Student: 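First the structure, then my questions, so here it is.
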Amino acid sequence: MTNKDAHIVIVGGGFGGLFTALDLAGTGRVTLISDADHFLFTPMLYEYLSGEVEEWHIAPKYKELLEEDVNLIHDTVSEIDLDARLVKFENGAESLSYDVLIVAVGGVTNYAGVPGAAENSIPFRKIANADQLRQRMVDALDHVPPDLPPQDVQRALTFGVVGAGASGVELSTKMADLLLDAFKRRALHGEPRVLVVEMGDRVVPGMGEEIREYVEDALRQSHVEVHTLTRVVSVHPNGFTIEHNGRQTEIEAAAVVWTGGVRVSPVVEKLGLDKNERGLILVEPTLQTRRHRNVFALGDIAFYPDATPTLAGTAQLALQQAGLAAGNVKAFLSGDELKTKHFEELGEAVSLGTERAAVLAGGKTFGGPLARQARFALYTSRLPTWHHRLRVGASWFFGGTAPRPLLPLGIQR
Ligand SMILES: Cc1cc2nc3c(=O)[nH]c(=O)nc-3n(C[C@H](O)[C@H](O)[C@H](O)COP(=O)(O)OP(=O)(O)OC[C@H]3O[C@@H](n4cnc5c(N)ncnc54)[C@H](O)[C@@H]3O)c2cc1C
């Protein structure tokens with residue numbers, strides 16, 4: 001088999017899979033399989049919710065990103081037969097054979113077995129989730145008459161966010177700012193109520209003290225109610241029940257959003273590969289799986305031995321691994337020595353409401369409106385392809401990045 005004949009199949013078109021495909025284009029026959037027709041720049045899904053960015057900015061279609069030398073299959077993989085070297089599809093389409101496989105299917109929301117959570121809460125991982133949540137916020141606002149007393153308004157406009165990791169705090173501050181703005185525009189009495197519920201004793205547990213101070217300050221400024229050492233015990237169609245110090249409280253809510261955890265994709269759960277206790281595929285420092293040298297795994301589904309621990313489960317890690325994966329697939333096919341690499345933190349940037357952010361770069365943390373601008377600049381540079389970066393950068397520079405208010409149905413702009 002020569003480089004030119006080899007069929008390289010990449011399953012998953014997120015940070016790991018898409019960036020590997022872009023690097024591998026022109027090497028052998030490359031096929032990218034994804035269950036979506038677009039890439040998603042997840043770190044800005046919060047800005048999509050608030051209308052600070054548009055769908056095409058953060059969710060470009062693969063066909064606009066990939067050259068013709070990458071074959072694209074828009075389908076859901078149900079199973080991978082590692083011995084027969086076959087990828088199988090959910091809809092029964094003919095299985096696809098590979099010489100080299102790259103598994104980059106990422107994670108799914110982990111409801112941790114909480115009763116009613118999967119059925120009644122909204123996950124926050126996809127464009128459709130953000131659309132559903134925004135719609136739920138507009139619907140709830142539209143049902144509140146302007147003369148309703150403040151306590152009734154607050155009951156009708158209560159929203160719960162489960163988990164106070166980076167995702168939970170970015171989302172809750174964004175929702176709270178949007179709702180506060182809508183209250184002013186619609187001249188409603190009182191205030192909305194946004195609660196973030198966290199099992200641990202602090203918000204953003206994986207982050208340093210300095211950035212946490214900015215986060216806590218933003219939660220206060222956005223009037224988000226923080227409940228630490230509190231568990232969500234069930235979610236119902238009209239709210240959820242939380243438990244603190246053994247005492248349970250039922251809370252009525254217009255929506256409960258689940259950002260409480262991630263587990264590996266079901267495709268990975270079925271794979272007969274060596275894994276750790278969290279179900280992550282154990283990979284060598286070359287990103288090869290242990291028992292199948294022609295199979296590579298990266299991103300959220302892989303446990304990589306040589307990375308700063310805080311990088312686990314981040315786009316930063318998947319993005320950096322993509323370069324290593326592409327280089328090593330080329331080396332594997334040409335019989336060269338495969339490389340290993342140590343991955344470091346590239347800096348953190350959290351969006352805090354619609355006005356502010358906090359950025360940790362070069363060992364220094366800064367916050368406020370300037371950090372918000374810096375975050376936009378940083379993320380422009382991490383978007384896929386030069387062409388897309390230029391188009392989006394120009395759109396943000398000339399068109400601005402102001403949020404889109406939660407206007408009544410019928411006058412949405
Ligand atoms: C809302 C949100 C915000 C985030 N913010 C940040 C941040 O600020 N910074 C940061 O570093 N990380 C952030 N993350 C984490 C980051 O998104 C992930 O770590 C990263 O996307 C992992 O890359 P991946 O390639 O492993 O998986 P993903 O990017 O999730 O890609 C998986 C791909 O596989 C496809 N797929 C899944 N199953 C199948 C199947 N069966 N068949 C075919 N295709 C399939 C999916 O559609 C997707 O295209 C955020 C995550 C979320 C959800």
Side-chain angles (χ1 to χ4, degrees), residues 9-21 31-49 58-59 62 65 72-80 87-91 93 96 102-110 122-130 133 161 163 165-171 174 204 206-207 257-262 264-271 280-281 287 297-302 304 307 310-322 325 343 345-351 357-360 375 378-379 382 384:
V9 173
I10 303 168
V11 186
F15 280 93
L18 173 70
F19 283 85
T20 305
T31 299
L32 176 73
I33 308 171
S34 179
D35 57 2
D37 66 350
H38 59 269
F39 168 71
L40 178 59
F41 193 85
T42 48
M44 291 202 129
L45 193 55
Y46 317 102
E47 277 87 349
Y48 173 73
L49 172 79
I58 64 155
Y62 293 123
L65 302 173
L72 184 64
I73 298 181
H74 178 191
D75 211 336
T76 304
V77 169
S78 56
E79 217 177 306
I80 298 167
V87 172
K88 300 181 179 176
F89 296 97
E90 212 168 75
N91 68 3
L96 190 72
I102 297 152
V103 189
V105 283
V108 295
T109 300
N110 185 359
I122 303 177
F124 198 73
R125 299 189 60 81
K126 297 184 184 301
I127 287 283
N129 304 145
L133 176 58
V161 175
S167 222
V169 299
E170 291 188 85
L171 183 61
K174 207 62 109 179
V204 288
M207 292 188 175
V257 197
W258 197 275
T259 63
V262 180
V264 295
S265 147
V267 176
V268 172
E269 282 169 355
K270 286 188 239 167
L271 270 182
L280 302 177
I281 299 170
L287 290 169
L298 72 161
D300 281 4
I301 54 153
Y304 187 77
T310 51
L311 276 181
T314 65
Q316 287 191 42
L317 181 60
L319 194 60
Q320 295 187 71
Q321 286 175 334
F343 296 115
E345 177 87 54
L346 300 173
E348 280 170 14
V350 283
S351 118
V359 172
L360 169 68
R375 187 170 178 274
L378 175 72
Y379 283 165
R382 292 191 189 161

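Start at 1 and go down the list; that is how both ligands and their atoms are numbered. Every value quoted in this text rests on a predicted model; they were computed, and no experiment measured them.
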Student: For the 3.5 Å polar cut-off, considering only N or O atoms, please tell me whether Tyr46 and ligand 1 meet it.
Tutor: no
Student: Mind checking whether Asp75 contacts ligand 1 via backbone (N, CA, C, O), side chain (CB onward), both or neither, at a 4.0 Å heavy-atom cut-off?
Tutor: backbone
Student: Restricting to side-chain contact (heavy atoms from CB on, under 4.5 Å), what partner residues turn up for Ile33, sequence neighbours left out?
Tutor: Val9, Val11, Thr31, Ile73, Val77, Val87, Phe89, Leu96
Student: Which value, rounded to the nearest 0.5 Å, describes the distance between Leu32 atom CG and Leu65 atom CG?
Tutor: 10.0 Å
Student: Considering only protein heavy atoms, which is closest to atom 30 (O) of ligand 1, and at what distance to one decimal place?
Tutor: Gly106 CA, 4.0 Å
Student: With sequence neighbours left out, write down each residue that passes ring-ring contact (aromatic ring centres under 6.0 Å, His included) with Tyr48, or none if nothing qualifies.
Tutor: none
Student: Which atoms of ligand 1 have any heavy atom of Ala104 under 4.0 Å away?
Tutor: 32 (C), 33 (C), 34 (O)
Student: Heavy atom under 4.0 Å from ligand 1: found in Val267's side chain, backbone, both, or neither?
Tutor: side chain
Student: At a 4.0 Å threshold, what atoms of ligand 1 neighbour a non-hydrogen atom of Phe124?
Tutor: 1 (C), 53 (C)
Student: Under 4.0 Å from ligand 1, counting heavy atoms only, is it the side chain of Tyr62, its backbone, both or neither?
Tutor: side chain
Student: If we only count N/O pairs under 3.5 Å, is Val77 in contact with ligand 1?
Tutor: yes
Student: Against heavy atoms of Ser34, which atoms of ligand 1 measure under 4.0 Å?
Tutor: 43 (C), 44 (N), 47 (O), 49 (O)
Student: Looking only at protein heavy atoms, which one is nearest to atom 35 (C) of ligand 1, and what is the separation?
Tutor: Asp35 OD1, 3.5 Å
Student: Would you sort out whether Asp300 and Val264 count as a side chain to side chain contact (heavy atoms under 4.5 Å, CB included), showing the intermediate values?
Tutor: CA-CA 7 Å; Asp300 281 4; Val264 295; over 6 Å; no
Student: Donor-acceptor pair, Gln316 side chain versus Leu346 backbone, under 3.5 Å?
Tutor: yes
Student: Do Asp35 and Asp75 come within less than 4.5 Å of each other through their side chains, counting heavy atoms only?
Tutor: no
Student: Given that the side chain starts at C-beta and the backbone is N, CA, C, O, which of these parts of Phe41 lies under 4.0 Å from ligand 1, counting heavy atoms, or is it both or neither?
Tutor: neither
Student: Find all atoms of ligand 1 within a distance of less than 4.0 Å from any non-hydrogen atom belonging to Gly299, and give their numbers and elements.
Tutor: 26 (O)
Student: Quick one: CG on Leu311 to CD on Glu345, what's the gap to the nearest 0.5 Å?
Tutor: 5.0 Å
Student: Check whether the ring centres of Tyr304 and Phe343 lie less than 6.0 Å apart, and answer yes or no.
Tutor: yes
Student: Going from CZ on Arg382 to CG on Leu319, what distance comes out if it is rounded to the nearest 0.5 angstrom?
Tutor: 7.0 Å
Student: Compare Asp300, Leu298, Asn129 and give the one whose heavy atom is closest to atom 19 (O) of ligand 1.
Tutor: Asp300
Student: State whether the shortest distance between N or O atoms of Ala318 and N or O atoms of ligand 1 falls below 3.5 angstrom.
Tutor: no
Student: To the nearest 0.5 Å, what is the distance between CD1 (Ile301) and CD (Glu269)?
Tutor: 11.5 Å
Student: Name the option, out of Ala322, Ala315, Gly347, that contains the heavy atom nearest to atom 10 (C) of ligand 1.
Tutor: Ala315
Student: Counting distance only, does the side-chain N/O of Lys270 pair as donor-acceptor with the main-chain N or O of Ser78 below 3.5 Å?
Tutor: yes
Student: Can you find a pair of side-chain heavy atoms, one from Ser34 and one from Phe39, that are under 4.5 Å apart?
Tutor: no
Student: Looking at ligand 1, does any of its N/O atoms fall within less than 3.5 Å of an N/O of Ala36?
Tutor: no
Student: Below 4.0 Å from any atom of ligand 1, is there a heavy atom belonging to Tyr379?
Tutor: yes
Student: If only atom types and distance count, is the side chain of Tyr62 paired as donor or acceptor with the main-chain N or O of Gly13 below 3.5 Å?
Tutor: yes
Student: Just verifying a value: how many Å separate Phe124 CZ and Leu49 CG, rounded to the nearest 0.5 Å?
Tutor: 5.0 Å
Student: What residue and heavy atom of the protein are closest to atom 31 (O) of ligand 1, and at what distance?
Tutor: Gly14 CA, 3.2 Å
Student: Tell me which part of Phe39 gets within contact of ligand 1: side chain, backbone, both or neither, using heavy atoms under 4.0 Å.
Tutor: neither
Student: For atom 21 (O) of ligand 1, find the nearest protein heavy atom and state the residue, atom name and distance (0.1 Å precision).
Tutor: Phe15 CD1, 3.3 Å
Student: Can you list the ligand 1 atoms lying under 4.0 Å from a non-hydrogen atom of Arg125?
Tutor: 53 (C)
Student: For atom 34 (O) of ligand 1, which protein heavy atom lies nearest, and how many Å away is it?
Tutor: Gly12 CA, 3.2 Å
Student: Counting distance only, does the side-chain N/O of Trp258 pair as donor-acceptor with the main-chain N or O of Gly163 below 3.5 Å?
Tutor: no
Student: For atom 24 (P) of ligand 1, what's the nearest protein heavy atom and its distance?
Tutor: Gly16 N, 4.0 Å
Student: Side chain or backbone of Pro43 under 4.0 Å from ligand 1, or both, or neither, by non-hydrogen atoms?
Tutor: both
Student: Starting from atom 50 (C) of ligand 1, find the nearest protein heavy-atom neighbour and note its residue, name and distance.
Tutor: Thr42 OG1, 3.5 Å
Student: Could you tell me whether Gly313 and ligand 1 have an N or O pair separated by under 3.5 Å?
Tutor: yes
Student: Quick check on contacts: which atoms of ligand 1 are under 4.0 angstrom from a heavy atom of Gln316?
Tutor: 11 (O)
Student: In plain terms, say whether Glu348 and Arg375 are close enough for a salt bridge, that is, a side-chain N and a carboxylate O under 4.0 Å apart.
Tutor: no
Student: Among all the protein's non-hydrogen atoms, which is closest to atom 37 (C) of ligand 1, and how far away is it?
Tutor: Val105 O, 3.2 Å
Student: When rounded to the nearest 0.5 angstrom, what is the spacing between OH in Tyr46 and CD in Glu170?
Tutor: 4.5 Å
Student: At a 4.0 Å threshold, what atoms of ligand 1 neighbour a non-hydrogen atom of Gly13?
Tutor: 33 (C), 34 (O), 49 (O)
Student: What I want to know is whether Leu45 and ligand 1 share at least one N or O pair that is separated by under 3.5 angstrom.
Tutor: no
